[in-house]
Amino acid sequence: DAKTTQPTSMDCAEGRAANLPCNHSTISGNEYVYWYRQIHSQGPQYIIHGLKNNETNEMASLIITEDRKSSTLILPHATLRDTAVYYCIVRVGSGAGSYQLTFGKGTKLSVIP
Amino acid sequence: GAGVSQSPSNKVTEKGKDVELRCDPISGHTALYWYRQRLGQGLEFLIYFQGNSAPDKSGLPSDRFSAERTGESVSTLTIQRTQQEDSAVYLCASSLYFGRTGELFFGEGSRLTVL
């Protein structure tokens with residue numbers, strides 16, 4: 001699996017958009033980008049995933065660059081409950097090993113009142 | 001309940017003792033995963049079960065670790081002769097067959113402390 005790099009930590013003012021970057025410069029054509037988050041003392045929670053098109057759901061938006069070497073997770077109006085560690089993961093879409101999600105250290109997002 | 005259930009939520013044991021951790025996946029989920037998370041670290045993959053296929057045990061750190069799953073139901077992770085470095089939160093997740101969305105549903109974890 002391709003590796004990802006994320007900033008260790010970020011701050012965001014409550015009510016503002018939180019933009020979390022992720023670099024995945026060695027991503028392969030059949031690898032998806034996934035985002036999970038882990039709120040303190042809880043298990044990780046799925047947020048969103050995409051292959052090459054931008055995606056949006058009720059939680060967030062995912063913007064993937066045209067060359068797919070980086071992506072940005074956007075929380076449009078951050079709240080205090082969005083304070084968590086955010087993991088960016090690349091995963092093969094199908095076939096051998098596609099079930100494995102490799103979690104790095106993620107980005108610790110702190111939403112500040 | 002509707003989510004992944006793990007027990008015990010907390011376990012304190014003495015070095016050298018065996019421990020067993022349990023995971024009840026979401027009903028209908030054929031895939032089940034165990035991960036380990038040490039304090040301040042990311043998640044380490046341990047083992048993966050998919051239906052009746054042979055499990056992927058490639059992430060188990062030593063032969064003291066083993067896991068079983070009967071069909072598509074409960075799984076148990078067993079750690080024999082526990083060591084202090086085994087202290088961590090052990091997370092279980094389940095999902096529909098991986099070829100679908102790839103969304104994993106995690107439990108709250110079992111926090112293991114080895115004294």
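By convention in this document, chain letters (A, B, ...) are assigned in the order of the sequence lines, proteins followed by strands, and residues within each chain are numbered from 1.
Contact annotation for residues 8-17 of chain B against chain A (heavy-atom separation below 4.5 Å): no residues qualify.
If you measure heavy-atom distances from B:Gln37 to chain A, the contacts under 4.5 Å come from the side chain alone. Heavy-atom distances place the side chain of B:Tyr35, and not its backbone, under 4.5 Å from chain A. Residue B:Leu43 touches chain A through both its backbone and its side chain, counting heavy-atom pairs closer than 4.5 Å.
In this structure, CD in A:Gln38 is found 8.0 Å from CZ in A:Phe103, a value given to the nearest 0.5 Å. Summarising the geometry, atom CG belonging to A:Asp82 is positioned 11.5 Å from atom OG belonging to A:Ser110; distances are rounded to the nearest 0.5 Å.
A salt bridge links B:Glu44 to B:Arg38: at least one charged side-chain nitrogen sits closer than 4.0 Å to a carboxylate oxygen.
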key: CA sep, side-chain torsions, deciding dist, call: A:Asn53, A:Leu51, side chain to side chain contact (heavy atoms under 4.5 Å, CB included)   = CA-CA 6 Å; A:Asn53 296 324; A:Leu51 182 62; over 6 Å; no
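The backbone N or O of B:Arg81 lies less than 3.5 Å from a partner atom in the side chain of B:Arg64, making a donor-acceptor pair.
Here the side chains of A:Glu14 and A:Leu80 are in contact, with some heavy-atom distance below 4.5 Å.
In this structure, A:Tyr36 has its ring center no closer than 6.0 Å to that of A:Tyr87.
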